[in-house]
Amino acid sequence: MTSQPSLFQGLNDAQREAVETVDGPLLIVAGPGSGKTRVITHRIAHLVHDYGIPPYRIAAVTFTNKAAREMRDRVARLVGTNANSVTGGTFHAFCGRMLRQYGEMIGVNRNYSIYDSDDQLALIKQAEQMASKDPQRFPPRTIQSIISRAKSVMMNSQALERAAADYFEKTAAEVYYYYEELLARNNAVDFDDLLLKAVLLLENNGEIRDLYQQQYPFLMIDEFQDTNVAQYQLSRLLTGPSQNVCVVGDPDQSIYSWRNADIRNILSFQSDYPGAKVIALEQNYRSTGAILSAAKSLIASNRMRLDKDLFTSNADGDPLVVHEAYDEEEEAAFVISEVEHLVRSKSFNPGDCAVMYRVNAQSRALEEACLHLGVKYRLVGGVRFYHRREIKDLLAYLHLLQNPRDAVNLGRVVNVPPRGIGAKTMQTLQEWAQGQEVPLYTAMQQVAAAKNSGQTPPVRLAARAVNAISAFVSVAERLMGFAQTVPVVKLIDLTLQESGLDRHVRESDDSPEERWENVLALRELAQEFNAEDPPDGLASFLERVALVSEVDSFEESEDSLTLITLHQAKGLEFPVVFMVGMEEGLLPHSRSMESESEVEEERRLCYVGVTRAQRKLYLLRAFRRGFMSYRGPTVASRFLNEIPAASIAGASDGSSGPYRVPTTRSARVVTNDQWRPAAMAAATPSRPSLSVGDSVRHNTFGEGVVLDLTASNGDVEVTVEFTGGLGTKRLLLSFAPLEVIKG
DNA sequence: TCCTCATAACTTTTT
DNA sequence: GTTATGAGGA
């Protein structure tokens, strides 16, 4: 039982301590690039190698499946075993497996479908109908987020009803009630349910809880700052009497509060696990000094944080580059030409570079530039693979085969390809099924059975509809016969053929080749899955498919540039990072400027982006940008001003260098939360001598900053934020005694 | 019942 | 500049 020297070699004191601390609760606060993954994997390897703990007794919860895979690989490399690997995955996947096995104990049938947020939305619309609520007054999306928030803090509809503060929330609670009813009828769960029901299962069932605690005496949870209340509960329930739980996180990288993540979890940890050891990893190995100091001064503007002292012994490296382009096209062109320049100078591969942005829509300009200039790229996310119509259709068939009670997926495929079962027919069927209290599919079976035995169908339906239904049912029945016996790939082939979906996709009028390729890609996935030969083939395939994220399939490649959202970039690193769209309204996003805490989360998001960079960081903004139907001037992101001039190229001497974005004017905007981005304004400014961001002086109001210019009846309405607590005033340019101080 | 064309409403981030 | 919905004709 001697420690393999290499396990501790090259670790710093804090890392070593974290690896060695295997007893009792442990909180590792890990700054970006502080060797977190290294610590986690070495700690597991230490447990396995020096304490003889079998890897499968260790459960490691990660944020993405990709992270889990990497962790497993690295542990395997360290310990030299590949057989009994660590149990790893996301909370959702972990819960999915648990429910598949033991869900029956709390009334979850093992064939349940997992509904994604589109399915969820469809169901909420139905629920609103049942509750006779007007979707105009109660937007399903809003209701959806209320329900999701409730579920994430373990509230059922009754609890939400009790807690409802106003009529809107009361309505939401009512819809929630019907929504749950519908889920149950469809034998389906949503993402939140996976967590919620797993918690209920463990809470109400001591035996299962003991089973899990014994099975996994060692529990590790990564990205703890992004867990929600249900996940926190789950981690408490999974922690056995030995209290061997190790959580790793960084409050400064908490960027999922909109998904109900609660930073307080990381703070509660210390009170809920008295005697928890806290270790901070503060040495950064990833980035240059310049990048790290930019990151530090950026995040220092957040008020709600625990102070950390990050440091690095890396060289300062190149200063950051701040570039203001004219518009998004030029911004993209600058990125691409810079990438080409870096590649030509032989210091980097395209694969070393990543472009990060706040919203997926920003990828378009970049993609176009790549195509135009012949640069290979990999787009992470975008229109998500599993959200593509052909993929959803195929998966809907598979879901139906697995779970015939699933009326949402049934409704999705019943007329794809068109086979004469329209909305009217389905409406009639549904009403009848509801009256009989049988699942929709059963109702269809009955219609088909009646037809086949020459009886009149039990519902009033056109003869053509009856024929169509019976044809559909016979296809479905045949496929269901195969569902549990043939491998998933085979089932996919059969489904494509029998249902006519293959022809339908291949002959669709918009980009049939691409769609068919997607179908084949899914088939390919099934093939790979098949090779693993898992038990419960179809069920676990569907589960996996429902719970993968886009980054999961992200693989580094030498020759292509990566395009990725800031959120998805979390946990990744690149030698060269370009952050585009450093503008007010985009980063921070206009929908996240209502409150200080939202802005702070945006700042953390920015921090995450900055700290992904190893050697070179470019911050870009466009002076003009088009959103939707509007294009107009923008204002530099306040975050640019929070990065010290000293770390920026051409600005270190204090003067404005070629790349330096003017700072003084937007610096003033920073403090104002009421501010709205100019880009969101409804009209195009005419051509005044003023522009957004200019400092102006008014005879009576004093000095201020121009926030917005709007054309109005041949004049221009100027919105000015006055300093000195006067607030915002709207003035007509031709009348207002305004004088430009600086522009 | 299906398909086409028009319009409107909109896009934050995702397991 | 998109994508979801609706009306109307085949």
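Just so you know, these numbers come straight off a predicted model, no measurement behind them. Computed from heavy atoms alone, side chains included, the values below leave out hydrogens, waters and symmetry copies. The sequence lines fix the lettering, A, B, ..., with proteins before strands; numbering per chain opens at 1.
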Round to the nearest Å and state the distance from [X] atom [atom1] to [N] atom [atom2].
| X | N | atom1 | atom2 | value |
| --- | --- | --- | --- | --- |
| A:D190 | B:dT15 | CG | C1' | 11 Å |
| A:M579 | B:dT13 | CE | C1' | 14 Å |
| A:M593 | B:dT13 | CE | P | 16 Å |
| A:D119 | B:dT15 | CG | P | 15 Å |
| A:L566 | B:dT14 | CG | C1' | 14 Å |
| A:Q144 | B:dT13 | CD | P | 14 Å |
| A:D327 | C:dG1 | CG | P | 13 Å |
| A:E367 | C:dT2 | CD | P | 12 Å |

**Side chains of A:V599 and A:N302 in contact at under 4.5 Å (non-hydrogen atoms)** = no

**Request:** State, with a plain yes or no, whether a side-chain heavy atom of A:R603 is found less than 4.5 Å away from one of A:S301.
**Result:** yes

[X] side-chain N/O to [N] phosphate OP1/OP2 under 4.0 Å:
| X | N | value |
| --- | --- | --- |
| A:N360 | B:dT11 | no |
| A:Q568 | B:dT13 | no |
| A:T565 | B:dT14 | yes |

Return yes if some donor-acceptor pair links the side-chain N/O of [X] with the main-chain N/O of [Y] below 3.5 Å, else return no.
| X | Y | answer |
| --- | --- | --- |
| A:R604 | A:I255 | no |
| A:D190 | A:D193 | yes |
| A:S235 | A:Y232 | yes |

**Item:** Annotated protein contacts, base or backbone, on nucleotides 1-6 of chain B with a non-hydrogen cut-off under 4.0 Å, one of B, S, - each
**Value:** SSS---

**Message:** I'd like to know if A:K133 and A:E128 make a salt bridge, using a cut-off of under 4.0 Å between side-chain N and carboxylate O.
**Reply:**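 A salt bridge is absent here (no side-chain N lies under 4.0 Å from a carboxylate O).
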
**Asked** Is the shortest distance from a Lys or Arg side-chain nitrogen in A:K66 or A:E70 to a carboxylate oxygen in the other one below 4.0 Å?
**Response** yes

**Message:** So is the aromatic ring of A:W258 stacked onto the base of B:dT13, judging by whether the centres are under 5.5 Å apart and the planes are under 30° apart?
**Reply:** yes

**Request:** Check A:E602, A:E598, A:E584 against A:M593 for a side chain to side chain contact (heavy atoms under 4.5 Å, CB included) and give me the one that passes.
**Result:**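 For A:M593, the side chain to side chain contact (heavy atoms under 4.5 Å, CB included) test succeeds with only one of A:E602, A:E598, A:E584, which is A:E584.
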
**Request:** Compare every heavy atom of A:F574 with every heavy atom of A:T562, then report the nearest pair and how far apart it is.
**Result:** OG1-CE2, 3.8 Å

**Message:** Testing the basics here: between A:A369 and A:A332, what is the closest heavy-atom pair and its distance to 0.1 Å?
**Reply:** CB-CB, 3.7 Å

**Complete:** Applying side chain to side chain donor-acceptor pair (under 3.5 Å) to A:N403 and not counting sequence neighbours gives A:S113, A:N187

**Message:** Going by side chain to side chain donor-acceptor pair (under 3.5 Å), name the residues that satisfy it together with A:Y112, two or more places apart in sequence or in a different chain.
**Reply:**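 Once residues adjacent in sequence are excluded, A:Y112 has no partner under the side chain to side chain donor-acceptor pair (under 3.5 Å) criterion.
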
**Asked** Hey, would you say the A:H567 and A:W258 ring centroids sit under 6.0 Å apart?
**Response** yes

**Prompt:** Quick one: are the ring centres of A:Y115 and A:F191 less than 6.0 Å apart?
**Reply:**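 They do not qualify: ring centres at least 6.0 Å apart.
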
**Request:** Using heavy atoms and a sub-4.0 Å distance, could you list which residues of residues 133-143 of chain A are near DNA chain B? By number, please.
**Result:** A:R141

**Message:** As a check on the pairing definition, encode DNA chain B in dot-bracket form, counting Watson-Crick and G-U wobble pairs whose two distances are under 3.5 Å, and using | for partners outside this strand.
**Reply:** |||||||||......

If you restrict it to nitrogen or oxygen atoms, what contacts under 3.5 Å exist between nucleotides 4-6 of chain C and the protein, and what is each distance?
| from | atom 1 | to | atom 2 | distance (Å) |
| --- | --- | --- | --- | --- |
| C:dT5 | OP1 | A:K125 | NZ | 3.2 |

**Asked** Nearest nucleotide by nearest heavy atom, which residue falls closer to the 5' end of DNA chain B, A:R364 or A:D192?
**Response**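 Taking each residue's closest nucleotide, the earlier one in sequence belongs to A:R364.
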
